[in-house]
There are 2 protein chains.
Amino acid sequence: MPRAGITADRLVTAAVELADEAGFENVTLSALARRFGVKDASLYSHVKNLQDLRTRMALRAGGELIDRIAAAVAGRAGKDALAAFAGAYRAYALEHPGRYAATQIRIDQSLLADSPALRRTAEITYGMLRAYGLDEPDLTDAVRLLRATFHGYCVLEAGGGFGAPRDVQQSWNRAVDALHTALTHWPREENDHPHE
Amino acid sequence: MPRAGITADRLVTAAVELADEAGFENVTLSALARRFGVKDASLYSHVKNLQDLRTRMALRAGGELIDRIAAAVAGRAGKDALAAFAGAYRAYALEHPGRYAATQIRIDQSLLADSPALRRTAEITYGMLRAYGLDEPDLTDAVRLLRATFHGYCVLEAGGGFGAPRDVQQSWNRAVDALHTALTHWPREENDHPHE
DNA sequence: GGCTTTTTCCTAGAGCCCCTAGGTGAAGTC
DNA sequence: GACTTCACCTAGGGGCTCTAGGAAAAAGCC
């Protein structure tokens with residue numbers, strides 16, 4: 001009997017496709033084996049276990065995401081760069097919900113440490129913020145704010161959390177405007193303990 | 001043989017406790033049955049299925065969350081109210097990660113529609129924003145921005161997403177300050193299409 | 001108290017999933 | 001052609017969800 005010709009890469013490719021179609025939590029080794037016309041036990045030659053597969057999916061998707069962001073941000077600065085970053089981020093999350101969900105999972109730090117995607121993400125994010133003239137620790141605070149807002153927005157939108165009839169794209173534009181405002185008027189060291 | 005005395009409410013109570021201890025996705029009907037000293041099939045008298053249980057958990061946790069927020073916000077306005085809201089939100093998410101995770105799941109709109117928790121949440125959120133003098137649709141945009149940021153922040157923090165040594169509490173305070181700034185200088189109808 | 005009804009819990013079993021152990025045959029290496 | 005490697009196999013254990021149908025406790029009724 002001929003072989004299916006499975007490799008870890010092809011497996012991950014099929015996995016992220018399945019994630020976008022059926023949802024990340026429905027990506028199962030059994031389902032993938034079925035898709036390849038193979039018994040599920042056979043996949044353990046290519047992948048250690050389910051967690052291993054998910055980690056690979058996360059790294060794949062994370063790389064794709066930062067590639068698209070990098071392409072969008074290239075050659076822009078200031079608010080223009082912020083809007084491009086935000087747009088690329090949200091577009092990826094909406095086009096590839098399963099892949100995006102994969103990027104959210106908790107990953108062993110040791111595996112993540114030498115991931116080029118993580119380093120590129122940091123470079124691009126901090127580079128984008130350069131225009132706002134922030135120094136540490138404000139820079140880290142700003143990065144966290146942006147990540148949280150982008151991520152939270154996409155999660156809520158994808159999960160159907162925005163029930164109001166207001167168009168989400170317009171809301172999103174406003175949110176990006178608001179973040180730009182916040183970065184421009186970044187609260188500098190004033191009163192951490194308001195005099196109450 | 002005596003009965004365990006299970007009710008749907010006691011089941012949900014045990015479920016959210018288990019969620020905080022072992023993680024939301026590890027809350028299983030089998031595990032709950034074990035905890036009650038009962039066979040798993042017995043639980044289907046009290047709960048329709050796993051999804052039903054999760055929905056009940058979400059409603060329970062959502063109610064608890066908005067109760068704590070309401071208590072924190074009571075009697076405050078403006079930035080004070082915003083900080084109290086944010087603090088109560090994050091505290092709940094960190095103290096009860098499993099319960100908080102339960103609030104994130106997708107819930108059938110028809111079930112959610114007549115949930116008092118949702119109505120209260122809307123009331124309190126919009127009430128808190130009254131001080132900033134926004135009108136629709138900016139109000140909705142602002143609510144979405146706040147929800148997204150709070151939610152994203154808590155998810156990232158709980159998931160270990162903030163690796164930098166910077167103290168998260170201080171970053172959070174800054175994020176709240178930044179949101180206050182954004183709400184105060186809310187971008188009003190300027191240029192939706194920047195002249196590029 | 002007895003009687004009936006309802007409810008709670010049971011056993012049995014099907015189906016899907018993850019994962020391990022150990023075997024077989026196909027593809028490359030010399 | 002023999003040898004090694006590796007892709008895939010069967011067999012099987014264990015966990016989970018959920019259904020169907022039965023038994024016994026609890027609650028309601030006289």
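Quick note on labels: first sequence line is chain A, next is B, and so on, each numbered from 1.
The distance between atom NZ of B/Lys39 and atom P of D/dG15, rounded to the nearest whole Å, is 12 Å. One interatomic measurement links the two molecules: CD of B/Glu25 to C1' of D/dC16, which rounds to 14 Å at whole-angstrom precision. Protein atom CZ of B/Phe36 is 14 Å distant from nucleotide atom C1' of C/dC9, rounded to whole Å. Rounded to an integer number of Å, the gap from CG of B/Leu43 to C1' of C/dC9 is 10 Å. Summarising the geometry, the separation between CG on B/Leu11 and C1' on C/dC9 is reported as 13 Å, rounded to the nearest angstrom. For the pair A/Arg35 CZ and D/dC8 C1', the computed distance is 20 Å after rounding to whole Å.
Salt bridge status for B/Glu123 with B/Arg119: present, with a side-chain N to carboxylate O gap under 4.0 Å. Using a cut-off of 4.0 Å between Lys/Arg side-chain N and Asp/Glu carboxylate O, B/Asp80 and B/Arg76 are scored as salt-bridged. Taking 4.0 Å as the cut-off between side-chain N and carboxylate O, A/Arg90 and A/Glu157 count as a salt-bridged pair. We find that B/Glu25 and B/Arg54 are not joined by a salt bridge, their nearest charged nitrogen and carboxylate oxygen being 4.0 Å or further apart.
Heavy-atom distances under 4.0 Å link DNA chain C to no residue of residues 98-106 of chain B.
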What is the per-nucleotide protein-contact pattern of nucleotides 16-22 of chain C, from the 5' end, where B denotes a base atom under 4.0 Å from a protein heavy atom, S denotes such proximity for sugar-phosphate atoms only, and - denotes neither? -SBBB--
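The side chain of B/Ser42 places an N or O atom within less than 4.0 Å of a non-bridging phosphate oxygen (OP1 or OP2) of C/dC10. Residue A/His46 places at least one side-chain N or O closer than 4.0 Å to OP1 or OP2 of D/dC8.
Defined by atom type and a distance below 3.5 Å, a donor-acceptor pair is missing between the side-chain atoms of A/Thr7 and A/Asp9. Between A/Arg147 and A/Thr125, the side chains place no donor N or O within less than 3.5 Å of an acceptor N or O (distance only, hydrogens not considered). With 3.5 Å as the limit, one finds no donor-acceptor pair spanning the side chains of B/Tyr132 and B/His185. Side-chain contact, A/Tyr153 with A/Tyr89: no donor N or O sits under 3.5 Å from an acceptor N or O.
Counting only distance, with no hydrogens or angles, the side chain of B/Thr181 and the backbone of B/Asp177 share a donor-acceptor pair below 3.5 Å.
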